[in-house]
Amino acid sequence: MQTIRVWDLPTRLFHWLLAAAVVGLVITANIGGNWMNWHMRLGYAVLALLLFRVVWGFVGGHWSRFGSFLFAPSTVIAYLRGQAQPEHRVGHTPLGALSVFVLLAVLLAQVSTGLMSDDEIAFFGPLVRFVSGDTVALATSYHKNVGKFIVIGLVILHVAAVFFYKWVKKDNLIRPMVVGDKQVTRAVSVPETHDSASSRALALLVLALCGGAVTWLVSLGNAF
């Protein structure tokens, strides 16, 4: 066996910050009241993180780039049939990659509809004034009655899959996402992800730009 760096620090921080923020969003949404202010702040943070991940999917470390886990449907089917390739045990598996894309899309939809939601009591998104009343009603209904439960379901499924891989397939997915390194067989020639001070500085710059973009977007709602 050999130890290689699979997940760079920016990807690992993104993963755990997003997990904490999503849990916070679910809790604050259910409590309501003054906690909705924190719900909004966490929503803005999630949007910034998602934008960061999209950019990092093109400029990040090897195993964090979308190109490293963008599999053809035939590969996914073969994996489900037990015909996995050795490199599938390094980064995201074909099934895990599919769940990543679905989760990112669902979270983007949830945050986007939140920006256009209005509970007609104390909370309204910063983009409400830019869309029609029908759009606001549709976005609000999806955000509160549909999207929230899809997110919760996907999170539960994600956690269940992690424990399934740990207990059944004997593949610990948690440790590499904490320390960044993973042991792989020497018989498999795979690249090691780039995780240097320069790449981390780039990630910080990307995150700052994404945070600035979200701040500007939110400010549009206060400009009128």
Got a sec, which residues hit side-chain contact (heavy atoms from CB on, under 4.5 Å) with S198, two or more places apart in sequence or on another chain? H194, S196
Take L70 and F101 through the test side chain to side chain contact (heavy atoms under 4.5 Å, CB included) and record every step on the way to the result. CA-CA 9 Å; L70 189 60; F101 288 121; 4.0 Å; yes
Tell me whether the rings of F52 and F14 are parallel (<30°), tilted (30 to 60°) or perpendicular (>60°). tilted
Do you know which two heavy atoms are closest between L115 and Y44, and how far apart they sit? CD2-CE2, 3.8 Å
Using the six-membered ring wherever Trp is involved, compare the ring planes of F58 and F66 and label them parallel, tilted or perpendicular (cut-offs 30° and 60°). perpendicular
Partner residues of T140 under the side-chain hydrogen bond (donor to acceptor under 3.5 Å, both in side chains) criterion, sequence neighbours left out: none
Checking A29 now: which residues fulfil side-chain contact (heavy atoms from CB on, under 4.5 Å) with it, not counting sequence neighbours? H39
Taking only residues two or more places apart in sequence, or in another chain, which ones meet I152 in a side-chain contact (heavy atoms from CB on, under 4.5 Å)? V26, K148, I156
Salt bridge (Lys or Arg N to Asp or Glu O under 4.0 Å): which pairs involve residues 174-183, sequence neighbours left out? R5-D181, D171-K182
Distance-minimising heavy-atom pair for P10 and A203: CG-CB, 3.4 Å
Please list all pairs passing the salt bridge (Lys or Arg N to Asp or Glu O under 4.0 Å) test where one or both residues lie in residues 55-65, with sequence neighbours left out. none
Got a sec, which residues hit side-chain hydrogen bond (donor to acceptor under 3.5 Å, both in side chains) with T193, two or more places apart in sequence or on another chain? none
Using every non-hydrogen atom in the two residues, find where A97 and F69 come nearest and quote the distance to one decimal. CB-O, 3.1 Å
Measuring only between side-chain heavy atoms, which start at C-beta, is V146 closer than 4.5 Å to T113? no
Quick one: which residue pairs count as a side-chain hydrogen bond (donor to acceptor under 3.5 Å, both in side chains) with a foot in residues 45-56, not counting sequence neighbours? D8-W56, T11-W56
Under 3.5 Å, side-chain donor or acceptor atoms of residues 75-83 against the rest of the protein: list the pairs with distances, not counting sequence neighbours.
unit_1 : atom_1 : unit_2 : atom_2 : d
Y79    : OH     : Y165   : OH     : 2.5

According to salt bridge (Lys or Arg N to Asp or Glu O under 4.0 Å), does anything in residues 154-170 pair up with another residue at least two apart or in another chain? List the pairs. none
Can you name the closest pair of heavy atoms from F71 and P94 and give their distance? CD1-CA, 3.4 Å
Considering residues at least two apart in sequence or located in another chain, which fulfil the side-chain hydrogen bond (donor to acceptor under 3.5 Å, both in side chains) criterion with R200? D195
Taking C-beta and beyond as the side chain, do W16 and V178 meet within less than 4.5 Å on heavy atoms? yes
Enclosure of F124 CZ (heavy-atom neighbours >12, cutoff 6.0 Å): no
Which residues pass the side-chain contact (heavy atoms from CB on, under 4.5 Å) test with L204, sequence neighbours left out? none
Exercise: identify the closest heavy-atom pair between K144 and F149: O-CE1, 3.9 Å
